[in-house]
Amino acid sequence: MTEFDVLVIGSGPGGYVCAIRAAQLGMKVACAEKRATLGGTCLNIGCIPSKALLQSSENFHAAQHQFADHGIGVGELKLDLARMMARKGEVVGANTKGVEFLFKKNKITWLKGEARLLGSGRVVVGDTEYTAKNIIIASGSESTPLRGVEVDEKRIVTSTGGLELSEVPKHLVVIGGGVIGLEIGSVWRRLGAEVTVIEFLDRIVPSLDAEVAKAFERVLVKQGMKFKLGSKVTKAAVSNDGVTLTVEPAKGGAAEQLQADVVLLAIGRRAYSAGLGLAEAGVALDDRGRIAVDKHFATNIPGIWAIGDVIAGPMLAHKAEDEGVAVAEIIAGQAGHVNYEAIPSVIYTWPEVASVGRSEEELKADGIAYSVGKFPFTANGRARAMGDTDGFVKILADKTTDRLLGAHILGPDAGGLIAELATAIEFGASAEDVARICHAHPTLSEAVKEAALAADGRAIHI
Ligand SMILES: Cc1cc2nc3c(=O)[nH]c(=O)nc-3n(C[C@H](O)[C@H](O)[C@H](O)COP(=O)(O)OP(=O)(O)OC[C@H]3O[C@@H](n4cnc5c(N)ncnc54)[C@H](O)[C@@H]3O)c2cc1C
């Protein structure tokens, strides 16, 4: 079988979800993947393995530092890192096999190997040429390199190597105070590493609301993480003893040296399109090397579309998935659409950080008058029962209409709690709408309701 209605290149959350949706809509679908397993970055080396290790290290940390407070003694605690890594592998395997099952269920042909475009409607995988009415590029992203810092995935690692270390480093230096660096840094910190984060800007996670980012930084410092903000790494020299980093103030000044056992390079990710034959096929890129698409995910070549990390927008699995669904529906003649105003974003440290919609800084920049409602987890009964009172819920609503514009949560299960506020933004709700919804007691979600009440100055429990 070499003729398809839809041929998707890449089986990450963008690609595999697109393939399934297109099959549901009655199209004959193939998906090319050059990795040995399906699921892309997300399932193999990203979201899923990182969450497996975050969960394991959270359990370890809780047993070490929190169980005693609950009256639970565990004797001498032992870390079996090999087992922890094996469990992570099992979790990844269950997920990638799950996609394989879904492909069979939906009669999607898995083309094993690297796919290259031969022009509109034509793709080669291995030695075989395929034709497809529609080609969807979902080739994802890769770790951004840094000049002077040569990755070997042993001493100097990207997130891939950072999730595979065979022993806990004494000193892990993370270059980049973004989501991936802080999540993986948290894993190793909880397992006993000293962790120093070097960040070019004078704040962590630049995409976050500044007040939330500052509070988040304070929580991480309390957990023992060290930060060198406003600093840049200019060189990394590997020796038998580890890595010597040369660090300079971002604004210029005297350099200093920092010794690390392992360095995690996590300055961001960039679109990945090597080997696709884009130039030969005439597919245009934008100014940042991403595939340029219009509002309907169409490239400049008819019949070639692109979605996920390889195009503009937040590099998030659920953003890629929603684009996958939307483009399949557009191809089927339906009105596929993604609302970029309501894409939640979560940092899976503990406490978690989650946000949706606008930050205070963005509203100020756009000259939009807003009201703020905040509620701390110290005043939430469930958070007290859990012993997880760090953080707060912050709600931003239009000053005139009360329409919900943004929501930011630092706290326990922030990633779960943000779903309600993403729904509210999607439905155009006001802060008062959220405040009038009955929230179960005692739950963390009551802090969301109280923050919504606080936007009108009438929180009850504070
Ligand atoms: C450590 C880490 C943790 C993360 N955690 C989260 C998280 O918690 N939540 C979240 O939302 N996002 C997270 N992300 C981001 C998330 O993984 C990406 O946003 C998501 O995977 C993008 O999906 P995609 O389908 O665009 O591409 P990818 O998942 O990158 O998949 C692209 C696939 O295309 C294949 N491919 C590329 N070129 C070709 C070719 N020519 N032929 C055949 N196959 C090809 C690749 O092998 C790859 O498997 C994380 C990322 C990392 C690195």
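As the structure is a prediction and not an experimental result, all values here were calculated from the model. Just follow the structure's listing: the first ligand is 1, and inside any ligand the first atom is 1.
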How far apart are the C-alpha atoms of H61 and Q223, what are their side-chain angles, what is the distance that settles it, and do they pass the side chain to side chain donor-acceptor pair (under 3.5 Å) test?
CA-CA 11 Å; H61 187 265; Q223 293 175 4; over 6 Å; no
Do T158 and E153 pass the side chain to side chain donor-acceptor pair (under 3.5 Å) test, and can you show the C-alpha distance, the side-chain angles, and the key distance before you say yes or no?
CA-CA 6 Å; T158 63; E153 293 296 5; 2.5 Å; yes
Would W350 and D388 count as a side chain to side chain donor-acceptor pair (under 3.5 Å) here? Give the steps.
CA-CA 9 Å; W350 197 265; D388 269 318; 3.0 Å; yes
Please assess R358 against E341 for the test salt bridge (Lys or Arg N to Asp or Glu O under 4.0 Å), listing each intermediate value before the final yes or no.
CA-CA 8 Å; R358 314 284 200 87; E341 295 294 319; 3.5 Å; yes
Can you list the steps and then say if K97 with E100 is a salt bridge (Lys or Arg N to Asp or Glu O under 4.0 Å)?
CA-CA 5 Å; K97 284 273 171 226; E100 223 177 299; 3.4 Å; yes
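Near Y348, the atoms of ligand 1 lying under 4.0 angstrom from a non-hydrogen atom of the residue are 8 (O). Within ligand 1, the atoms closer than 4.0 Å to a non-hydrogen atom of M315 are 15 (C), 19 (O), numbered from 1 in the order shown. Each of the following atoms of ligand 1 lies closer than 4.0 Å to a heavy atom of S159: 1 (C), 53 (C). Taking every non-hydrogen atom of G14 and a distance limit under 4.0 Å, the qualifying atoms of ligand 1 come out as 25 (O). Atoms of ligand 1 found under 4.0 Å from any heavy atom of G40, numbered from 1 in the order shown, are 29 (O), 31 (O), 48 (C), 49 (O). Less than 4.0 angstrom separates some heavy atom of Y272 from each of these atoms of ligand 1: 37 (C), 38 (N). For ligand 1 and C42, the ligand atoms under 4.0 Å from any heavy atom of the residue are 17 (O), 21 (O), 29 (O). Proximity to I45 (heavy-atom distance under 4.0 Å) selects the following atoms of ligand 1: 1 (C).
Among protein heavy atoms, atom 45 (C) of ligand 1 sits closest to K34 CG, 3.8 Å. For atom 34 (O) of ligand 1, the nearest non-hydrogen atom of the protein is G10 CA, 3.2 Å. Ranking protein heavy atoms by distance to atom 33 (C) of ligand 1, first place goes to E33 OE1, 3.6 Å. Ranking the protein heavy atoms by distance from atom 4 (C) of ligand 1 puts C47 N, 3.4 Å first. Nearest to atom 29 (O) of ligand 1 among the protein's heavy atoms is T41 N, 3.0 Å. Summary of contacts: the protein heavy atom closest to atom 3 (C) of ligand 1 is G46 C, 3.4 Å. Considering only non-hydrogen protein atoms, atom 42 (N) of ligand 1 sits nearest to A115 N, 2.9 Å. Protein heavy atom nearest atom 27 (O) of ligand 1, with residue, atom name and distance: G140 CA, 3.2 Å.
Counting heavy atoms of neighbouring residues, nucleotides and ligands inside a 6.0 Å radius, atom CD of Q259 exceeds 12 of them. Heavy atoms from other residues, nucleotides or ligands lying under 6.0 Å from NE2 of H65 number more than 12.
Nearest to atom 52 (C) of ligand 1 by heavy atom, out of L117, I180, V17, V123, is I180. Comparing heavy-atom distances from atom 37 (C) of ligand 1 across A138, S139, G113 singles out S139 as nearest. Which of G12, A317, C18, P13 comes nearest to atom 23 (O) of ligand 1 through a heavy atom is settled by distance: it is P13.
For T160, the closest heavy-atom approach to ligand 1 does not fall below 4.0 Å. Distances from ligand 1 to the non-hydrogen atoms of S50 include at least one value under 4.0 Å. Remark: distances from the non-hydrogen atoms of E321 to ligand 1 are all 4.0 Å or more.
In this structure the side chain of D5 never reaches within 4.5 angstrom of the side chain of V29, judged on heavy atoms. In this structure the side chain of H171 never reaches within 4.5 angstrom of the side chain of V195, judged on heavy atoms. Side-chain contact between V263 and V157 is absent, with no heavy atoms from C-beta onward closer than 4.5 Å. I48 has its side chain within reach of V91: a pair of non-hydrogen atoms, C-beta onward, lies under 4.5 Å apart. In this structure, I135 and V6 have side chains that are not in contact, with every pair of non-hydrogen atoms separated by 4.5 Å or more. In this structure, the side chains of I311 and F297 come closer than 4.5 Å at one or more pairs of heavy atoms.
S359 and D209 share no donor-acceptor pair across their side chains, judged by distance under 3.5 Å alone.
Between K51 and E183, at least one side-chain nitrogen of the basic residue sits less than 4.0 Å from a carboxylate oxygen of the acidic one, meeting the salt-bridge criterion.
By the criterion of a heavy-atom distance under 4.0 Å, neither the backbone nor the side chain of V179 is placed next to ligand 1. For S273, no heavy-atom contact with ligand 1 is shorter than 4.0 Å. In K51, the part holding a heavy atom less than 4.0 Å from any atom of ligand 1 is the side chain. Proximity of L276 to ligand 1, defined as any heavy-atom pair under 4.0 Å, is confined to the side chain (atoms from C-beta onward). Only the side chain of R269 comes within 4.0 Å of ligand 1, counting heavy atoms alone; its backbone N, CA, C and O stay farther away. At a heavy-atom cutoff of 4.0 Å, ligand 1 is contacted by both the backbone and the side chain of D309.
In terms of N/O distances under 3.5 Å, ligand 1 is approached by L316.
If you take CD1 on I20 and CD1 on I108, they are separated by 5.0 Å, rounding to the nearest 0.5 Å. The CE atom of M84 sits 6.5 Å away from atom OG of S57, with the distance rounded to the nearest 0.5 Å.
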